[in-house]
Each structure stands twice: as structure tokens, then as C-alpha cells.
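Counting begins at 1 with the first residue of the sequence.
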Amino acid sequence: MALARTWSVALVGLEGHLVEVEADISQGLPKTTLIGLPDASLTEARDRVRAAVVNSGERFPDRKVTIGLSPATLPKAGSHYDVAIAVSLLTAAGVVEPRSLRQTAIIGELGLDGRIREVRGALAMTLAAARASFERIVIPDLNENEARLVPGIEVFGVRSLRQVLALLRGSEIPDEDAPRAEPRLLSDSLTRVPDVDLDEVIGHREGRLAIETSAAGGHHLFLHGPPGSGKTMLAERLGGLLPDLSTDDSLEVSAVHSLAGLLTSDAELVVRPPFIAPHHTASLASLVGGGSGMPRPGAISCAHRGILFIDEAPEMHPLTLDTLRQPLESGHIEVHRAAAVAKFPARFMLVLAANPCPCGLSGTRQGDCTCTPQMLMRYRQRISGPIKDRLDIQRQILPAARTIVDGEEPESTAVVAARVQAARDRQSHRYQDTPWILNSEVPGPVLRRDHPLDAVAQRLLEDLYSAGQLTARGLDRVVRVAWTLADLDGIPQPTIAQAHQAYQLRTGHPLTTPSDTRPLKGLPQ
């Protein structure tokens, strides 16, 4: 009897678990048995491994072969165990020395000719191996670049089983004449931030303020108005205002994109906040994650530390849109399936855009609205009250005037992004000894206790709450926006002016100043 073992990695969400791959060759009729809760694609590894071993010039044992994947209680999914199974089997057959496998994790899918194909989640698997103190990892060469993003572990990119065996034997690694496997194409669910600039937006003073405040504090945003008024134009330029990701965030976002299959073979760390724009017909599973077997990340996780933009939001199924309620509060999503429970990060900025009614003309001067009151009510109720209550800033976007004041130059993205960066630096300094980074992340009780508004501003918001103009959640969100406005103005504490403006940004009322002689709708007189 011969026994050998090697190691691979199983992913449950972004959490990696080291899997011990054991191969036992014993007397008996030729048969290969795979145990350890494999899924359908992993069960088929028996046939892939047999063909790959034979076509690589090695002999497959004509005896009873048992492949065990431990821990046995952890469900295993995917084809990335193929190379580890083949190496463990050949080690048991005496082809490879067991000592060459020490502190080595092996990942990769085998083709029938012995080629090694790329896999999803290579970055997250390499992170798990490095954290488990493995010294090196053998990985498909198409995944090599993303695996090298992880410090502290030696990465070997290979193209075939023959190269793996040569590496483990310490012999010269052969050049492969077989054509290289084609890399994956980027998924359509990933939308790159458009190459646009804010200086192309003429007018829209309130809309520009809304996206600047949203970017500075990480606040959720709702833009509504008639078709062609500039909602999408403003939303697309929001991404350019966000600063680059920190090193930790960049690594986490890159790991999510690797697992979702969004990184190419020439992958680098994702350094810019992602901009994800799913179509309004997107399914619930594509938005929050899921799939058969082991859950995969959805659009909200791919938008982690970036922007999730949903255009024509009322056209999305209300139940699908309502699934965003929990991750908007917690910053993560748990996908429960029979096989496993996967947890993915989902701290994103939600940006919704909507027309005022099905025909798009309600409340505008562009024509007569043909929608009935019942149609208007149904359309507006498709975005539920709980979702709207979680949106910090709501702005009506109307078509900009064609006339421009002589000498007026719209500010560029670079100018506004510098103010956003300065505001975020103030927040980083204020919350340096806490687990939070942005105003939008700080719990309400902490803000009220450690970072209160001045007395006049606090009395204004309490009066609005007592009058039923704000919910308890809405009150906290207005306080967060007020702090962001103070950070943009460079003052140490929000005053009545910032509290007043934050309330207007949340409710969609026209922007005025507290000293304005015109009464503000909703404010107690």
C-alpha cells in the first residue's frame, strides 16, 4: 500500500480553508474513488486526472485508488483541485518525492492533454495559503500575476502537469509546445469608470454639490428628474471624484474580483474604486450573489469600496431592489445555500437614478404628463420607503439652462477631487483610533456622543424629528451629511448652516440658507 498527501485551498466566500488532498493506492480491482463532499465538477476530476496523467507520459496506477479531501465535512466545489489530486496520486506511485511537497499548496484545473487552465479566486486562495504560513504555491501561469500580488509567498506559474513534475523533482522545467490556454474574458457585469470629466457638466449647481458631498462622505445618492436632464451624466462622473483605494482595500477588492472572474491574466491590484452598473433587469442572484453549489459574489460585492449605479431604478423588480436594505446598513452580505454560507464584503455607495413617472414628464415644463394618478403612485412606490430612508442625498435634476454667464468655467474633476480628498483626510484624522473611515460608516450613537453638533444645529434637527419630518435613521443620516459638509468647508464642527443644508439635501428641498427670508418647506416656523 502507498499513501501520499499534498495541499490545496477551498473558498467559502472570500474565506480560504486549507484542504489536505490524500491519495491511497492499494490492492484491488482498478477503480478510482473520490471522497470528501465533492460537487459534480470535482467528481469529474477522476477522468480529467487519469487522461492528463497518461497524456503527460506517466503511468496511471492499475489498482484501487482512493482520493480523500479533508476536512471531510467541508463541501468542496470546483475544478481547481485537479493538479493537487494528480500530484498526490503520482507521489503515492513513487514518481515524486514526498519531501518536495512540504509547505507547498497546489491549484489548477487540468485539461485532458495535461495542460493547466486558469481558475477563479486565485488571489483569495494565495492569500489563504500565505496566512497559513505556506512557503510556496503552484498555480496556473494565467493566474500567476494576480497571485504575485500577495506578499510573503513564492509563486510558481506552470502551464502543464509535466512542468509541475519537473519543478517538484528539481529538474529542468520543459518548454511547452502546446498552445497556451486562452484567458478568460472580462465579465459584462464589470463596468469601468467612464473617461469623462466634471468640467463637461454645465450648470447643475445642486447636482454637482450632491455628487461632491456623496463622494466626500461615502453617502448614498438618489437622482431623479426627466429624461435627458443629466442624471447619468452626473453619476458617471462621481467615480472620478473618489480617491484611490488603500492597500488593504485594494487587496480585498482585487480578491473579490478574482473570485468573480473579473481579473485578466495581466492582472494588477485594483487601485481605483470600482464602478458597477447592472442593468435594471438584473436578477436577485446576480445582484447579491449566489448560484448553485458554492455561492459566488454578486454585483454589490464587486462594487465593494466603489459605486453601485442602478439607472432606471423604478424599472427594477421591487423585491430585488429591497435586498439591498441589509448590506446598505451592515457593509456585507451573507448568501445562504444548502452547501454553505458565504460572506462577502459589500460596503458600496448606492447611486439610483429615476424618471419622475413612466412618461418622464411629470412635474416638468417639457410637455404634458399622460400618466394617470394610479400609474404615478405605482411607479413611485416601486422604490420602497425603507430604501429611500437609507439614501442620504436626494436631488431633482432638471435640464440646465442653455445660457451661460460670461467667464463662468465649470470646475474640473481634478479640482473637486482635491476638495474631496481633503475632506476625507479630515475624517481619517478624526476617526484614526476607531474602526471607521468615513462619516457614512460611523454609528449614530457614536456621533451623538463623541462628535455632537453645536447646540443650535442639534435643536433644529430635534425639532424636525419631533415634527415627524425625520425618522430616527434619517436624523442620524442628516448628522453624517452635516459632518461631511463641515469637512468640505474646512470647519471643525457642523453649525446651523451645515445642518440646514444637510436636511435639504436629504429631503430634496431647494437649497437655501438659514437666513433666507423664504420659508423652507418642512421646517418648523
Do you see a donor-acceptor pair shorter than 3.5 Å between the side chains of [X] and [Y]?
X: T372; Y: R378; answer: no
X: N439; Y: R430; answer: yes
X: Q458; Y: D454; answer: no

In plain terms, say whether [X] and [Y] are close enough for a salt bridge, that is, a side-chain N and a carboxylate O under 4.0 Å apart.
X: E144; Y: R148; answer: yes
X: R237; Y: D197; answer: no
X: K343; Y: E15; answer: no

Taking every non-hydrogen atom, the tightest pair across [X] and [Y]:
X: L234; Y: I211; value: O-CD1, 3.9 Å
X: L251; Y: L123; value: O-CD2, 4.1 Å
X: S301; Y: V256; value: O-CG1, 3.5 Å
X: I107; Y: S8; value: CG1-OG, 4.1 Å
X: F309; Y: A353; value: CE1-CB, 3.8 Å
X: L488; Y: R419; value: CD2-O, 3.9 Å

With [X], which residues qualify under salt bridge (Lys or Arg N to Asp or Glu O under 4.0 Å), at least two apart?
X: R296; answer: none
X: E441; answer: R305
X: E315; answer: none
X: R208; answer: none

I'd like a table of donor-acceptor pairs (distance under 3.5 Å, sequence neighbours excluded) in which one partner is a side-chain atom from residues 273-282, with atom names and distances.
{"residue": "H279", "atom": "ND1", "partner": "T281", "partner atom": "N", "Å": "3.2"}
{"residue": "H279", "atom": "ND1", "partner": "T281", "partner atom": "OG1", "Å": "2.8"}

For the pair R448 and D476, evaluate salt bridge (charged side-chain N to carboxylate O under 4.0 Å, His left out) and give the outcome as yes or no after the intermediate values. CA-CA 9 Å; R448 291 191 295 272; D476 286 343; 2.3 Å; yes
Side chain to side chain donor-acceptor pair (under 3.5 Å) with E252: which of H304, R347, H257? H304
Under 3.5 Å: donor-acceptor pair, side chain of [X], backbone of [Y]:
X: K231; Y: S229; answer: no
X: T507; Y: Y503; answer: yes
X: N143; Y: V119; answer: yes
X: Q421; Y: P243; answer: no
X: R390; Y: G474; answer: no
X: T413; Y: L198; answer: yes
X: S254; Y: V270; answer: yes

Side chain to side chain contact (heavy atoms under 4.5 Å, CB included) for E212 and V420? Distances and angles first, verdict last. CA-CA 7 Å; E212 180 178 345; V420 169; 4.2 Å; yes
Full working for side chain to side chain contact (heavy atoms under 4.5 Å, CB included) between H80 and R120: CA-CA 8 Å; H80 64 274; R120 288 188 175 189; over 6 Å; no
side-chain contact (heavy atoms from CB on, under 4.5 Å) partner of I310, the single match among V351, T320, L324: L324
Residues two or more places apart in sequence or in another chain: which of them pass ring-ring contact (aromatic ring centres under 6.0 Å, His included) with Y431? H451
Are more than 12 heavy atoms, taken from residues, nucleotides or ligands other than R131, located less than 6.0 Å from that residue's CZ atom? no
First locate atom [atom1] of [X], then atom [atom2] of [Y], and finally report the distance between them rounded to the nearest 0.5 Å.
X: L287; Y: L308; atom1: CG; atom2: CG; answer: 6.0 Å
X: L505; Y: L209; atom1: CG; atom2: CG; answer: 5.5 Å
X: M377; Y: C371; atom1: CE; atom2: SG; answer: 13.5 Å
X: R477; Y: S440; atom1: CZ; atom2: OG; answer: 8.5 Å
X: L284; Y: H317; atom1: CG; atom2: NE2; answer: 9.5 Å
X: I307; Y: S214; atom1: CD1; atom2: OG; answer: 7.0 Å

Going through the distances and angles, do D249 and S246 end up as a side chain to side chain donor-acceptor pair (under 3.5 Å)? CA-CA 5 Å; D249 288 342; S246 66; 3.3 Å; yes
Sorted by first residue and then second, give each salt bridge (charged side-chain N to carboxylate O under 4.0 Å, His left out) pair with at least one member in residues 489-509; sequence neighbours left out. D389-R506
Can you pull out every salt bridge (charged side-chain N to carboxylate O under 4.0 Å, His left out) where at least one residue sits in residues 348-358? Sequence neighbours excluded, please. none
All N/O donor-acceptor pairs, side-chain side in residues 215-228, below 3.5 Å, sequence neighbours left out:
{"residue": "H219", "atom": "ND1", "partner": "D392", "partner atom": "OD2", "Å": "3.0"}
{"residue": "H219", "atom": "NE2", "partner": "T484", "partner atom": "OG1", "Å": "2.6"}
{"residue": "H220", "atom": "ND1", "partner": "L350", "partner atom": "N", "Å": "3.0"}

Suppose we screen for side chain to side chain donor-acceptor pair (under 3.5 Å). Which residues come up paired with T495, at least two apart in sequence or across chains? Q498
Return the set of residues passing side chain to side chain donor-acceptor pair (under 3.5 Å) with R426 (not counting sequence neighbours), or none when no residue passes. none
Below 4.5 Å, heavy atoms only, C-beta onward: do I333 and I300 meet side chain to side chain? yes
Please examine the side chains of P443 and W436, heavy atoms only from C-beta on, and report whether any two atoms are closer than 4.5 Å. yes
Would L352 and I387 satisfy side chain to side chain contact (heavy atoms under 4.5 Å, CB included), going step by step from the backbone distance to the final call? CA-CA 10 Å; L352 301 182; I387 285 290; 4.3 Å; yes
Name all pairs fulfilling the ring pair (Phe, Tyr, Trp, His ring centres under 6.0 Å) condition that reach into residues 325-347, sequence neighbours left out, sorted by first residue then second. none
Do K76 and D39 pass the salt bridge (charged side-chain N to carboxylate O under 4.0 Å, His left out) test, and can you show the C-alpha distance, the side-chain angles, and the key distance before you say yes or no? CA-CA 6 Å; K76 320 295 187 309; D39 70 346; over 6 Å; no
What verdict does the side chain to side chain contact (heavy atoms under 4.5 Å, CB included) test give for H204 and M233, after you've listed the backbone C-alpha separation in whole Å, the side-chain angles of each residue and the deciding distance to 0.1 Å? CA-CA 11 Å; H204 291 299; M233 177 179 63; 4.0 Å; yes
